[in-house]
Every structure is written in structure tokens, then in C-alpha cells.
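Presented below is the structure to which this report refers.
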Amino acid sequence: MTEKRFCVPAIIAAGVAAVLGIFSLPAESIVLSIGVIIFSIVKKNKLRPLIPVIISVLALLISVPFLLLLIHGEVTGTGTSNYWLMRLIFGKLQ
């Protein structure tokens, strides 16, 4: 019987997603977290998915509220972020 191993690249990618979410790149963090979760679920028969999925969910819990805060600031007119996604959605800063 073969023992399941941890997927080190998935753990590293999940960690990078968490760091991106903490250091104000929420869209990139969300995309990477979802990618890691999908990869971990697809490879669950060969690899242990628990650690990357937990880290990715934590990254999502950091990134999604931060992105919503940025969007709220732009909608209410109090946003001063120069984040590329906000400039793409809402246009140039006034």
C-alpha cells in the first residue's frame, strides 16, 4: 500500500496566495487560492489535500473582504487605491 504524500508545490502556492492577500493583492490571491483548491481536490487520490486547502481557505478569508472593502471605497467615492483592478473597473482616479 502506498502512502499519500503532501504536495509541497501546492502548499507553497497556498502560502504565496496568503501572502498576496495580506500584502494587498486580493484578486491575484483569490485566483491562486481557487486554483490550489481545485488542484488539491483533483489530486486527492494521490496526495493529501488538507494543508493546501486550509491555507487557501484562510487566504480567501483574507482576500475577499479586502477586495470588497476596496470596491466599497470606490463605489462610495472614498477610495484612494491605485490598485490595477480598481482602475480597470472604475477608471482613473479623480
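Proximity of Val53 to Val36: side-chain heavy atoms (C-beta onward) are nowhere separated by under 4.5 Å. In this structure, Met86 and Leu67 have side chains that are in contact, with non-hydrogen atoms separated by less than 4.5 Å.
For residues 14-43, the set of pairs meeting the side chain to side chain donor-acceptor pair (under 3.5 Å) definition, not counting sequence neighbours, comprises Glu28-Tyr83, Glu28-Trp84, Ser29-Ser63.
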Note to self: Applying side-chain contact (heavy atoms from CB on, under 4.5 Å) to Leu70 and Phe66, what does each step give before you reach the verdict?
What the structure shows: CA-CA 6 Å; Leu70 287 174; Phe66 183 60; 3.9 Å; yes
Next item on the list: Output, in order, the C-alpha distance, side-chain angles, deciding distance and verdict of side-chain contact (heavy atoms from CB on, under 4.5 Å) for Val19 and Leu25.
Entry: CA-CA 9 Å; Val19 169; Leu25 294 172; over 6 Å; no
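Placement of Phe23 and Leu85 in two distinct hydrophobic clusters is found when ILVMFWY residues are connected by side-chain heavy-atom separations under 4.5 Å, directly or transitively. Hydrophobic clustering (side-chain heavy atoms under 4.5 Å, transitive across Ile, Leu, Val, Met, Phe, Trp, Tyr) groups Ile41 together with Ile54. Under the 4.5 Å side-chain heavy-atom criterion for grouping Ile, Leu, Val, Met, Phe, Trp and Tyr, Val31 is not connected to Leu68 through any hydrophobic cluster. Side-chain heavy atoms closer than 4.5 Å link hydrophobic residues (I, L, V, M, F, W, Y) into clusters, and following such links, even through other members, never connects Leu47 to Ile34. Grouping the Ile, Leu, Val, Met, Phe, Trp and Tyr side chains by contacts below 4.5 angstrom, directly or via other members, places Ile22 apart from Leu60.
With sequence neighbours left out, the side chain to side chain contact (heavy atoms under 4.5 Å, CB included) criterion links Ile11 to Phe6, Ile51, Pro52, Ile55.
Separating the OG atom in Ser56 from the CD1 atom in Ile30 is a distance of 12.0 Å, to the nearest 0.5 Å. The structure places CG of Leu32 at 6.5 Å from CG of Leu20, a figure rounded to the nearest 0.5 Å.
Remark: the backbone N or O of Lys44 is paired with a side-chain donor or acceptor of Lys4 at under 3.5 angstrom.
Glu74 and Ser81 get closest at one heavy-atom pair: OE2-O, 3.9 Å.
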